[in-house]
There are 2 protein chains.
Amino acid sequence: MHIDTLHKLYVHELKDLYSAESQILKALPKMIEAATDKELRAVLEEHLAESEEHLARIVRLFEGLEFEPGGHRCRGIEGLIAEASDVLADVTDDSVKNAAIISGCQRVEHYEMAAYGVARAFAAKIGRHDDAAVLTTTIEEEGAMDRELTRVAEHHINFTALTT
Amino acid sequence: MHIDTLHKLYVHELKDLYSAESQILKALPKMIEAATDKELRAVLEEHLAESEEHLARIVRLFEGLEFEPGGHRCRGIEGLIAEASDVLADVTDDSVKNAAIISGCQRVEHYEMAAYGVARAFAAKIGRHDDAAVLTTTIEEEGAMDRELTRVAEHHINFTALTT
């Protein structure tokens with residue numbers, strides 16, 4: 001893709017997020033399977049449902065643009081998922097594994113917060129204010145999910161990992 | 001590395017950050033070279049100086065631990081840098097390139113905020129409160145840098161990219 005306008009860079013950001021959410025939807029079930037804590041599994045299942053909705057929102061944004069969502073692979077999320085997978089392979093204790101899962105998921109959440117934040121700024125600047133409003137909703141949900149992961153970690157996951 | 005305690009997972013997080021900061025120190029000069037906006041270059045040069053200090057802090061934290069900082073490559077940051085590099089290769093307009101550089105750097109900042117946040121939580125939980133205080137300082141600087149990048153983007157970079 002030849003990018004010479006802010007509009008095309010915005011489209012690129014959405015393609016990147018389309019690929020990111022698609023990769024997250026494939027990786028999250030493996031994280032849920034690896035998690036042994038009931039509350040953490042519930043949070044990750046909520047994350048999975050939200051990611052499906054976030055992907056659907058991006059598809060709807062593409063309907064209003066003259067581009068297709070595919071044709072790009074998000075290497076950022078690819079690296080984050082590979083890293084999380086490597087760490088989980090090295091962790092041999094279930095309680096410590098739950099803490100490691102949260103660590104990986106918070107990196108993913110932060111990627112999304114940054115990327116959606118940039119996409120929203122571009123949408124607003126090129127005058128696509130309805131797009132910016134949709135992206136704001138997703139950003140708020142990603143931020144809430146990150147805080148929820150911190151809450152679960154601080155509530156008992158890290159303590160249980162300490163006393164293992 | 002065989003990880004079966006929260007202490008070892010904490011060491012792993014620090015090794016990951018050591019690798020992340022080292023990779024950032026190599027990649028940032030290329031971003032500075034690619035940036036054509038004077039204010040953006042100044043912010044990125046400040047980022048470079050801060051990253052050197054952040055790496056030095058991690059080295060000092062390792063001096064208090066029974067582990068060496070090397071032996072691990074952060075695949076998360078590797079993916080983020082590869083992605084930023086790919087995007088810059090596709091952008092043909094200088095003003096749009098400045099906006100794309102900020103987009104890549106904010107993904108990196110968010111990675112660091114997430115990873116340092118997790119490391120600080122682990123440090124506090126295992127009773128390494130001096131480490132946690134050092135990590136808090138870095139987290140605050142990463143957050144400030146992210147806000148500074150947003151400020152520059154909103155101040156004129158995105159507008160200049162729009163009117164290119």
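Just so it is clear: chains get the letters A, B, ... in the order the sequence lines come, proteins before strands, and each one is counted from 1.
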Partner chain B: residue of [options] with the largest heavy-atom pair count (under 4.5 Å):
options                       : value
A:H12, A:H72, A:E13           : A:E13
A:D90, A:I102, A:V91          : A:D90
A:R107, A:K125, A:E78, A:E154 : A:R107
A:I126, A:T150, A:D86, A:I77  : A:D86

Measure [X] against the heavy atoms of chain B and call it side chain, backbone, both or neither at under 4.5 Å.
X      : value
A:D94  : neither
A:T92  : both
A:Q106 : both
A:D146 : neither
A:V118 : side chain
A:L9   : side chain
A:H2   : both

Top of B:D16, B:I81, B:V87 for chain A proximity - count of heavy-atom pairs under 4.5 angstrom: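 With the most close heavy-atom pairs to chain A, the winner is B:D16.
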Contact winner vs chain A - B:D93, B:I3, B:T163, heavy-atom pairs under 4.5 Å: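 Heavy-atom pair counts peak at B:I3.
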Parallel, tilted or perpendicular: rings of A:F67 and A:H7 (30°, 60°):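 If you compare the ring of A:H7 with that of A:F67, the planes turn out tilted.
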Which heavy atom of [X] sits nearest to which heavy atom of [Y], and what is that distance?
X     : Y      : answer
B:L80 : B:V108 : CD1-CA, 4.1 Å
B:L48 : B:I32  : CD2-CD1, 4.1 Å
B:L6  : A:A99  : CD1-CB, 4.2 Å

Contact class of B:S103 relative to chain A, heavy atoms under 4.5 angstrom: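 It is both, since atoms from each part get that close.
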Beyond-backbone contact of A:H47 with A:E148, side-chain heavy atoms, under 4.5 angstrom: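 Result no, sub-4.5 Å side-chain heavy-atom pair not found.
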Side-chain ion pair, A:R57 and A:E141, N-O less than 4.0 Å: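 Salt bridge flag = yes for A:E141 with A:R57.
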Salt bridge B:R60-B:E53, side-chain N to carboxylate O under 4.0 Å: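 Yes.
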Approximate separation, where rounding is to 0.5 Å, of A:L55 CG and A:L25 CG: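 Rounded to the nearest 0.5 Å, the CG-CG separation comes out at 6.0 Å.
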A:E142 CD to A:E50 CD distance, which is reported to the nearest 0.5 Å: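 Result: 7.0 Å between the selected atoms.
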